Amino acid sequence: MASNPENPCLRYLEALPHTQDGKPLVVLRDPLQVSDRILVVSPQVCQILALMDGSHSVREIQLVLTRQAGELIYSEQIQHLVDQLDQAWFLDNENFRQRYRELLEEFRSAPVRRAAHAGTSYPAQPGPLQEAISAFYTDQRGAGVPGERSGRRLKGMAAPHIDLRLGGPTYTHAYRALAESEPPDTFIILGTAHSGLPELFSVSRKDFETPLGVASVDRDLLRLLDETLGKDEFAEDLTHRNEHTVEFQIPFLQHLFSRGGFQILPVLCSFSYQQLRGQDTSGEDRRFDRFVSGLRKALAQSGKRACFVSSIDLAHIGPRYGDQERPEQELVQRVLRRDQQMLEPVLQGDPTGFFDFVAEERDQRRICGFSPLYTMLHLLEGQEGSLLAHEHSQMDPSGSFVSYASLIF
């Protein structure tokens with residue numbers, strides 16, 4: 001039964017722990033970035049938010065809170081919070097949906113997908129960005145300056161999608177291997193959609209702009225994919241507007257191919273092992289197989305040599321990601337060892353083994369690169385790989401960390 005539109009229903013939001021003057025707080029923000037607002041609330045307010053699931057009116061929330069507190073809670077206080085959330089487009093209601101439609105229309109009518117993270121995650125000016133990427137190669141964690149081309153061809157690669165300021169040198173291990181290989185005709189970039197998608201996949205039709213220029217979408221391949229799958233089957237979603245996982249790969253490609261001459265197919269992936277059973281028994285499995293086989297068919301018809309670029313991070317551990325305790329060094333090392341074990345079937349070109357590993361863990365380590373990496377393994381059809389670099393970075397004072405890697409196939 002549909003919920004009453006008068007009942008406040010909180011949208012999916014990111015909730016990050018925060019401390020101010022020794023007091024625990026929670027930072028709420030919109031991962032879809034329909035809203036650019038940030039709300040900082042107390043744990044007590046979070047208890048109120050938990051009741052905003054679309055099944056309770058303000059009056060009913062007041063009664064529940066009054067019983068729990070043993071004292072009168074005024075409905076005006078709750079309504080004030082509801083009004084704040086509504087103004088920030090944090091509620092799943094018609095106000096939010098209208099805002100979403102406006103942004104989607106604005107995004108779809110834009111001539112290019114503009115850089116969303118220039119000036120924050122990497123320099124906004126061409127010269128400093130070129131210099132920063134060059135410095136990543138020569139950093140002590142970097143791969144070193146690329147040598148001559150070897151004549152080999154990379155069929156696929158995986159690079160991090162962590163903030164370039166943290167993991168930039170690790171990216172270079174995959175990109176040096178690419179620089180020393182024969183250039184492909186097109187790059188199919190598979191990125192994680194952190195805020196989710198209506199479907200498993202979303203293909204962008206836009207050229208991607210960065211401070212280093214514009215990376216053109218492969219229109220021929222896109223047309224063939226449309227003919228195979230249907231133009232609206234995996235339609236471009238608003239998630240592309242701010243998602244960083246495709247964007248972060250583009251400057252590295254532009255740094256290597258400074259004269260252009262390369263094309264991209266930007267694809268966002270969003271599914272968990274729970275959605276796929278890995279046995280072609282569910283509707284989601286069939287949709288996954290249909291996309292992969294459709295992309296294979298479109299590539300074969302195009303006659304182009306493609307390199308798949310999987311934009312991945314690995315484990316996400318610590319209070320920032322929902323764990324109760326601050327990670328100690330022993331836990332960090334244990335998580336990194338589990339990364340290595342998880343990557344063994346990946347490097348063997350075995351998507352089923354990779355799927356089973358994540359499923360057995362119940363994704364307790366939050367592998368946010370699961371969907372693009374699992375997709376790429378199917379597209380590579382058994383191609384074996386090599387692990388070139390494996391690092392981790394602390395994300396905040398709580399010790400929360402993210403691990404990431406560079407691989408080639």
Side-chain angles (χ1 to χ4, degrees), residues 12 31-32 100 104 107-108 113 156-159 161 186-208 215 217-250 263-302 304 306-313 351 354-355 358 363 367-381:
Y12 171 73
L32 192 56
Y100 183 92
L104 182 59
F107 176 66
R108 287 182 172 173
R113 190 275 192 189
M157 53 184 274
H161 61 235
T186 194
F187 292 95
I188 298 174
I189 305 178
L190 304 166
T192 300
H194 286 90
S195 59
L197 294 168
E199 304 292 344
L200 304 183
F201 301 98
S202 175
V203 181
S204 180
R205 302 171 185 281
K206 294 195 185 311
D207 299 337
F208 272 56
V217 164
D218 190 328
R219 308 271 170 211
D220 292 337
L221 182 56
L222 184 59
R223 174 182 55 81
L224 291 170
L225 190 61
D226 284 342
E227 292 173 359
T228 301
L229 296 176
K231 185 172 183 177
D232 296 325
E233 183 70 12
F234 296 96
E236 183 176 50
D237 183 78
L238 185 62
T239 306
H240 281 279
R241 173 174 168 261
N242 289 303
E243 177 54 63
H244 62 274
T245 53
V246 171
E247 177 180 336
F248 282 5
Q249 307 306 323
I250 306 294
Q263 294 181 310
I264 62 171
L265 187 71
V267 181
L268 289 179
C269 315
S270 179
F271 52 84
S272 69
Y273 79 93
Q274 294 167 312
Q275 289 174 266
L276 304 183
R277 298 187 183 132
Q279 299 173 347
D280 195 24
T281 57
S282 70
E284 300 286 38
D285 276 300
R286 289 191 292 273
R287 290 180 68 78
F288 175 87
D289 290 341
R290 184 165 180 266
F291 181 82
V292 168
S293 61
L295 183 51
R296 281 200 203 110
K297 180 179 178 181
L299 271 173
Q301 290 175 333
S302 74
K304 294 183 176 182
C307 178
F308 299 102
V309 180
S310 193
S311 184
I312 65 165
D313 286 340
F354 175 49
F355 179 99
V358 174
D363 198 24
I367 308 300
C368 80
F370 170 75
S371 53
L373 193 52
Y374 183 69
T375 302
M376 185 173 75
L377 290 174
H378 278 271
L379 289 163
L380 289 173
E381 300 183 274

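On a predicted model such as this, the values are computed, not experimentally measured, just so you know.
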Would you name the heavy atoms of [X] and [Y] that are closest together and state the gap between them?
X: Gly156; Y: Met376; result: CA-SD, 4.4 Å
X: Ser371; Y: Cys269; result: OG-O, 3.3 Å
X: Pro372; Y: Ile312; result: CG-CG2, 4.0 Å
X: Ala306; Y: Ile188; result: CB-CD1, 4.1 Å

With sequence neighbours excluded, what pairs up with [X] under the side-chain hydrogen bond (donor to acceptor under 3.5 Å, both in side chains) test?
X: Thr228; result: none
X: Ser310; result: none
X: Ser195; result: none
X: Glu227; result: Arg223

Look up atom [atom1] in [X] and atom [atom2] in [Y], then write down how far apart they are to the nearest 0.5 Å.
X: Phe201; Y: Phe271; atom1: CZ; atom2: CZ; result: 4.5 Å
X: Glu247; Y: Ile189; atom1: CD; atom2: CD1; result: 11.0 Å
X: His161; Y: His194; atom1: NE2; atom2: NE2; result: 3.5 Å
X: Leu373; Y: Cys368; atom1: CG; atom2: SG; result: 11.0 Å
X: Gln274; Y: Glu284; atom1: CD; atom2: CD; result: 12.0 Å
X: Tyr100; Y: Leu238; atom1: OH; atom2: CG; result: 4.5 Å

All salt bridge (charged side-chain N to carboxylate O under 4.0 Å, His left out) counterparts of Arg108, not counting sequence neighbours:
none
Would a line drawn from the ring center of Phe355 to the ring center of Tyr374 be shorter than 6.0 Å?
yes
Output all residues satisfying side chain to side chain contact (heavy atoms under 4.5 Å, CB included) with Tyr12, sequence neighbours left out; order by chain, then residue number.
Pro31
Ser302: which residues meet the side chain to side chain contact (heavy atoms under 4.5 Å, CB included) condition with it, sequence neighbours left out?
Leu221, Leu224, Leu299, Lys304
4.5 Å side-chain heavy-atom contact, [X] and [Y]:
X: Val203; Y: Phe291; answer: yes
X: Leu295; Y: Leu265; answer: yes
X: Leu190; Y: Leu379; answer: yes
X: Asp237; Y: Leu268; answer: no
X: Tyr273; Y: Asp363; answer: yes
X: Thr192; Y: Asp313; answer: no

Would you confirm whether [X], through its side chain, and [Y], through its main-chain N or O, come within 3.5 Å as a donor-acceptor pair?
X: Arg219; Y: Arg205; result: yes
X: Asp218; Y: Ile264; result: no
X: Glu243; Y: His240; result: no
X: Lys206; Y: Pro266; result: no
X: Ser311; Y: Thr245; result: yes
X: Asp289; Y: Ser293; result: no

Partners meeting ring pair (Phe, Tyr, Trp, His ring centres under 6.0 Å) with Phe208 (sequence neighbours left out)
none
Results of ring pair (Phe, Tyr, Trp, His ring centres under 6.0 Å) for Phe248 - residues two or more places apart only
His117, His244
Should the pair His378 and Phe288 be assigned to parallel (<30°), tilted (30 to 60°) or perpendicular (>60°) ring geometry?
perpendicular
